[in-house]
Colleague: 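What follows is a structure written as structure tokens; I'll ask about it next.
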Amino acid sequence: MAQSRELPGIIAWLDRASERLGNSLSWLILVMMLIQFLIVVLRYAFSVNSIPMQESVMYMHAVVFMLAAAYTLKHDGHVRVDIFYRAMTPKRKALVDLAGTLLLLLPVMGFVILSSLGYVGKSWAILEGSPDSGGIPGVFLLKTLIPLFAGLMILQALVEAVKNVYVLTGRLAATHDDETHEEHL
């Protein structure tokens with residue numbers, strides 16, 4: 001939608017931080033793929049099984065999925081049923097996006113944070129570890145991704161809300177890329 005340099009200070013900084021986090025997490029996908037390949041080779045070629053390696057892939061997958069959600073929001077990459085949206089003007093799209101952010105995204109992410117704090121707190125209280133013998137003793141860290149995910153989504157939602165307000169008030173030119181939402185048959 002908008003370039004970070006066109007946004008006010010803290011909003012531009014949050015937008016750039018989301019971009020950097022998303023780009024950084026993309027490298028974790030490569031590491032995850034290499035470890036998964038190594039797990040398969042060790043298991044089938046050498047009959048060696050490693051629970052910590054298997055759990056590390058699960059942890060990396062959770063980190064990528066949970067922490068890159070805000071990056072996906074920034075790039076409008078979440079699933080959207082856009083039967084009507086596609087044909088809307090940029091200002092109307094901004095209005096729909098703003099309403100969705102304020103009425104759906106922010107309340108749901110607030111609920112996720114509030115409802116997960118007890119769950120995560122209990123896990124931290126006992127420093128919950130893997131249920132598997134020899135597994136990674138960091139389940140409490142994995143569960144911490146839940147409120148962290150919601151917090152990052154709230155921050156990016158605020159950035160997107162400001163962008164949409166700027167489009168609605170004419171302070172920012174809308175640059176929705178319809179090509180990114182084409183269906184590939």
Side-chain angles (χ1 to χ4, degrees), residues 1 3-4 12-82 100-101 104-105 108-109 111-113 115-160 175-185:
M1 182 178 245
Q3 296 295 330
S4 293
W13 184 86
L14 289 171
D15 202 36
R16 287 189 306 271
S18 180
E19 186 71 25
R20 283 191 301 272
L21 178 61
N23 288 332
S24 299
L25 288 170
S26 67
W27 287 100
L28 194 55
I29 296 170
L30 178 62
V31 173
M32 184 173 59
M33 185 180 67
L34 292 172
I35 291 174
Q36 184 62 52
F37 176 76
L38 184 59
I39 289 169
V40 171
V41 169
L42 288 173
R43 179 180 299 150
Y44 292 107
F46 302 104
S47 298
V48 174
N49 189 21
S50 172
I51 292 173
M53 285 177 65
Q54 290 174 344
E55 286 187 359
S56 73
V57 171
M58 178 186 66
Y59 277 54
M60 286 184 277
H61 185 262
V63 167
V64 168
F65 184 83
M66 299 294 274
L67 300 186
Y71 173 83
T72 304
L73 176 63
K74 173 183 172 26
H75 290 281
D76 201 18
H78 289 285
V79 174
R80 176 195 309 267
V81 179
D82 63 356
T101 297
L104 296 171
L105 181 58
V108 169
M109 291 300 111
F111 175 76
V112 168
I113 289 174
S115 62
S116 68
L117 290 179
Y119 175 70
V120 174
K122 289 176 186 174
S123 185
W124 270 87
I126 61 170
L127 296 177
E128 185 177 5
S130 175
D132 295 321
S133 178
I136 298 172
V139 172
F140 64 100
L141 295 171
L142 193 60
K143 289 181 178 181
T144 303
L145 292 173
I146 298 168
L148 188 56
F149 147 76
L152 290 171
M153 287 293 288
I154 287 171
L155 291 174
Q156 189 62 41
L158 293 174
V159 170
E160 298 304 316
T175 57
H176 281 281
D177 294 328
D178 289 332
E179 304 88 48
T180 61
H181 297 292
E182 285 183 8
E183 296 166 0
H184 300 286
L185 300 175

Colleague: Taking side chain to side chain contact (heavy atoms under 4.5 Å, CB included) as the definition, give me every residue that meets it alongside L141, ordered by chain and number, with sequence neighbours left out.
Modeller: W124

Colleague: When you compare the side chain of I35 with that of M60, does any pair of heavy atoms fall below 4.5 Å?
Modeller: yes

Colleague: What distance separates L155 CG from D15 CG, expressed to the nearest 0.5 Å?
Modeller: 11.5 Å

Colleague: With the side chain counted from C-beta on, respond yes when V120 and P147 share a heavy-atom pair under 4.5 Å apart, and no when they do not.
Modeller: yes

Colleague: Using the ring pair (Phe, Tyr, Trp, His ring centres under 6.0 Å) rule, collect all pairs that involve residues 16-42, keeping only residues at least two apart or in two chains.
Modeller: none

Colleague: Under a 3.5 Å distance rule, please check whether T144 uses its side chain to pair with a backbone N or O of F140 as donor and acceptor.
Modeller: yes

Colleague: Is H78 reaching over with its side chain to a backbone N or O of A69, donor-acceptor style, under 3.5 angstrom?
Modeller: yes

Colleague: Write down the atom of L142, the atom of A62, and the distance for their closest heavy-atom approach.
Modeller: CD1-CB, 3.5 Å

Colleague: Name all residues meeting the side chain to side chain contact (heavy atoms under 4.5 Å, CB included) criterion together with V63; count only those two or more places apart in sequence or in a different chain, and write none if there are none.
Modeller: L25, L28, L67, L145

Colleague: Is there a side-chain contact between M66 and L152 in this structure, where contact means two heavy atoms from C-beta onward sitting under 4.5 Å apart?
Modeller: no

Colleague: CD of Q54 to CG of L42: how many Å apart, nearest 0.5 Å?
Modeller: 10.5 Å

Colleague: Enumerate the residue pairs fulfilling salt bridge (Lys or Arg N to Asp or Glu O under 4.0 Å) with a member in residues 132-144, sequence neighbours excluded, ordered by first and then second residue.
Modeller: E128-K143

Colleague: If you take all heavy atoms of I136 and Y59, which pair is closest and at what distance?
Modeller: O-OH, 3.6 Å

Colleague: Could you tell me whether the side chain of I29 reaches within less than 4.5 Å of the side chain of H61, counting heavy atoms only?
Modeller: no

Colleague: Can you list everything that forms a side chain to side chain donor-acceptor pair (under 3.5 Å) with S130? Sequence neighbours excluded, please.
Modeller: E55

Colleague: If you round to the nearest 0.5 Å, how far is OG of S26 from CG of L21?
Modeller: 10.0 Å

Colleague: Is there any salt bridge (Lys or Arg N to Asp or Glu O under 4.0 Å) pair reaching into residues 22-50, and which pairs are they, with sequence neighbours excluded?
Modeller: none

Colleague: With salt bridge (Lys or Arg N to Asp or Glu O under 4.0 Å) as the rule and sequence neighbours excluded, what pairs involving residues 19-32 come up?
Modeller: E19-K74

Colleague: Can you list everything that forms a ring pair (Phe, Tyr, Trp, His ring centres under 6.0 Å) with Y71? Sequence neighbours excluded, please.
Modeller: H75

Colleague: Could you walk me through whether V57 and M33 pass the side chain to side chain contact (heavy atoms under 4.5 Å, CB included) test, one step at a time?
Modeller: CA-CA 8 Å; V57 171; M33 185 180 67; over 6 Å; no

Colleague: If a pair satisfies salt bridge (Lys or Arg N to Asp or Glu O under 4.0 Å) and one of its residues is in residues 29-38, list it, with sequence neighbours excluded.
Modeller: none

Colleague: Do the side chains of I154 and I113 get nearer than 4.5 Å, heavy atoms only?
Modeller: yes

Colleague: Could you work out, with side chain to side chain donor-acceptor pair (under 3.5 Å) as the rule, every residue matching T101, not counting sequence neighbours?
Modeller: none

Colleague: Give, for atom CG of L117 and atom NZ of K122, the distance between the pair rounded to the nearest 0.5 Å.
Modeller: 12.0 Å

Colleague: For V40, check side chain to side chain contact (heavy atoms under 4.5 Å, CB included) against everything at least two apart and list the hits.
Modeller: Q36, Y44

Colleague: Do M153 and V112 have side chains that approach each other closer than 4.5 Å (heavy atoms only, starting at C-beta)?
Modeller: no

Colleague: Go through the structure and list residues passing side chain to side chain contact (heavy atoms under 4.5 Å, CB included) with S50, not counting sequence neighbours.
Modeller: P52, M53

Colleague: Whether the side chain of S18 engages the backbone of L14 through a donor-acceptor N/O pair (distance < 3.5 Å, no angle test) should be reported.
Modeller: no

